[in-house]
Chemist: 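The structure under discussion is supplied below as C-alpha cells; questions concerning it will follow.
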Number of protein chains: 2
Amino acid sequence: MIDFKELLKEHGIAPSIQRIKILEFLEKNRIHPTADMVYQALVQEIPTLSKTTVYNTLKAFTEKGVLVALSLFENEVRYEYNTEPHIHFKCIKCGKIYDISKAFECLNNKEIEGHKVLEHHVNLKGICKNCRD
Amino acid sequence: MIDFKELLKEHGIAPSIQRIKILEFLEKNRIHPTADMVYQALVQEIPTLSKTTVYNTLKAFTEKGVLVALSLFENEVRYEYNTEPHIHFKCIKCGKIYDISKAFECLNNKEIEGHKVLEHHVNLKGICKNCRD
DNA sequence: TATCTAACTTGTAATGGTTACAAATATGTA
DNA sequence: TACATATTTGTAACCATTACAAGTTAGATA
C-alpha cells in the first residue's frame with residue numbers, strides 16, 4: 001500500500017485531501033483519464049470538488065513529475081501515473097489505450113540528425129488482441 | 001510543379017479555389033501548421049475565406065489521406081503534407097518541429113503483446129542542433 | 001489553545017479552438 | 001440558360017481549459 005501523503009511530500013507538494021484522492025485515483029485506475037474523467041470519478045466522493053482544483057492539481061503533479069501528460073492521437077490531454085518508461089497502443093476499433101512495457105531506451109540521449117534527444121514518445125495504433133477475433 | 005487540381009481529383013475531392021490554395025500552402029510550407037495558421041496565411045490572398053472552410057477542408061483532406069493530422073506534445077492539432085513515413089523532433093528551447101527522415105517500418109504490421117500494429121507515431125523531444133551551441 | 005499568515009480550494013466568468021447549422025454562392029450538367 | 005447539387009460563408013453554440021477573486025483550510029508560532 002502506497003503512502004500517497006508521503007509521496008506528495010517527497011515531491012514538494014502539500015498533501016491536501018483533494019490532492020491525495022486525485023493521486024490515489026490515478027495510481028489505482030491506470031486508464032489514462034482526461035481531467036474531466038478524474039473530476040467525474042471523484043466528485044461523488046468529494047461533492048464540493050471543483051474542476052479548477054482538478055486542473056490545478058494535475059498541472060502541479062505533471063510539473064513535479066508525479067504524473068505524465070500524454071498527447072495521444074486525439075486532441076485531448078490524458079494523464080497517467082509516472083512509472084517505468086513504456087509506450088502506448090490505441091485500438092482503432094474499441095478505442096482502448098494499452099500500456100506496452102517495451103520502451104526504446106536506445107533512443108534517449110542519442111543524437112539524431114544533429115539534435116540531442118532527451119525524451120521519446122511512441123504511439124502505436126492498430127487492432128487490439130480482443131478486437132481481432 | 002505539382003498539379004494540385006489533379007491531385008485532389010485523384011483523391012476524390014472536388015478542386016475548389018479554396019481547397020487548391022490550402023493544399024498548395026501545406027505542400028510548400030512544411031511547418032506543421034495549425035488550422036488557424038493556415039487560415040491566417042491564406043485570408044490575405046482570399047479575403048472572404050472562412051475558418052469553417054479551413055476546418056472542413058483539413059478534415060476532408062485528412063480523411064482522404066492527402067494530409068496527416070499530428071498530435072504532438074502540446075494539446076493542439078497540426079497538419080502536414082502526406083509524404084514518406086518519418087518521425088518528429090521538437091526542440092524544447094525554440095519550439096521548432098523538425099521532420100526526421102528515419103522511420104520505424106520495423107514496427108508496422110507487427111504484433112506487440114498480441115495487438116496488431118498498423119501505424120506508429122514517434123515524437124522525440126530535446127535540444128535541436130541550432131540551440132545546442 | 002488562539003491567532004496569524006500563507007496556501008489551497010472553490011465558483012464564476014472569460015478564453016480559444018472547434019463544430020453545427022442555415023443561408024448564400026458557385027459549379028457541373030442537361 | 002436553368003436546375004440540382006456541392007461548396008463556402010458567417011454566426012452561434014460548444015467544450016476544454018484558464019484567469020481571477022473570494023472563501024476556506026492548515027501549519028506555525030506564541
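What's counted below: heavy atoms across the whole structure, side chains too, no hydrogens, waters or symmetry copies. Convention: sequence-line order gives letters A, B, ...; per-chain numbering from 1.
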Chemist: Between B:Lys64 (NZ) and D:dT7 (C1'), how many Å, whole number?
Modeler: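 Roughly 14 Å, once rounded to whole Å.
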Chemist: Table please: side-chain donor-acceptor pairs of residues 89-97 of chain B below 3.5 Å, with sequence neighbours left out.
Modeler:
from	atom 1	to	atom 2	distance (Å)
B:Lys90	NZ	B:Glu74	OE2	2.0

Chemist: Just to verify, which of B:His121, B:Arg78, B:Glu80 counts as forming a side-chain hydrogen bond (donor to acceptor under 3.5 Å, both in side chains) with B:His88?
Modeler: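 That would be B:Glu80; it is the only one of B:His121, B:Arg78, B:Glu80 passing the side-chain hydrogen bond (donor to acceptor under 3.5 Å, both in side chains) with B:His88.
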Chemist: At under 4.0 Å between heavy atoms, which parts of nucleotides 5-21 of chain C does protein reach? Answer with one letter per nucleotide, 5' to 3': B base, S sugar-phosphate only, - none.
Modeler: ---SSBBB----SBBBB
Chemist: Whole angstrom is fine here: how far is it from NZ in A:Lys5 over to C1' in D:dA26?
Modeler: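 The answer, rounded to whole Å, is 11 Å.
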Chemist: Should B:Thr53 and B:Tyr39 count as side-chain neighbours, where that means a heavy-atom distance under 4.5 Å?
Modeler: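 Not in contact.
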Chemist: Taking all non-hydrogen atoms of both residues into account, name the closest pair between B:His115 and A:Arg132 and its distance.
Modeler: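 Reported closest heavy-atom pair: C-NH1, 4.1 Å.
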Chemist: Do B:Gln18 and B:Lys21 touch side chain to side chain, with heavy atoms closer than 4.5 Å?
Modeler: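 Counting from C-beta outward, B:Gln18 and B:Lys21 never come under 4.5 Å.
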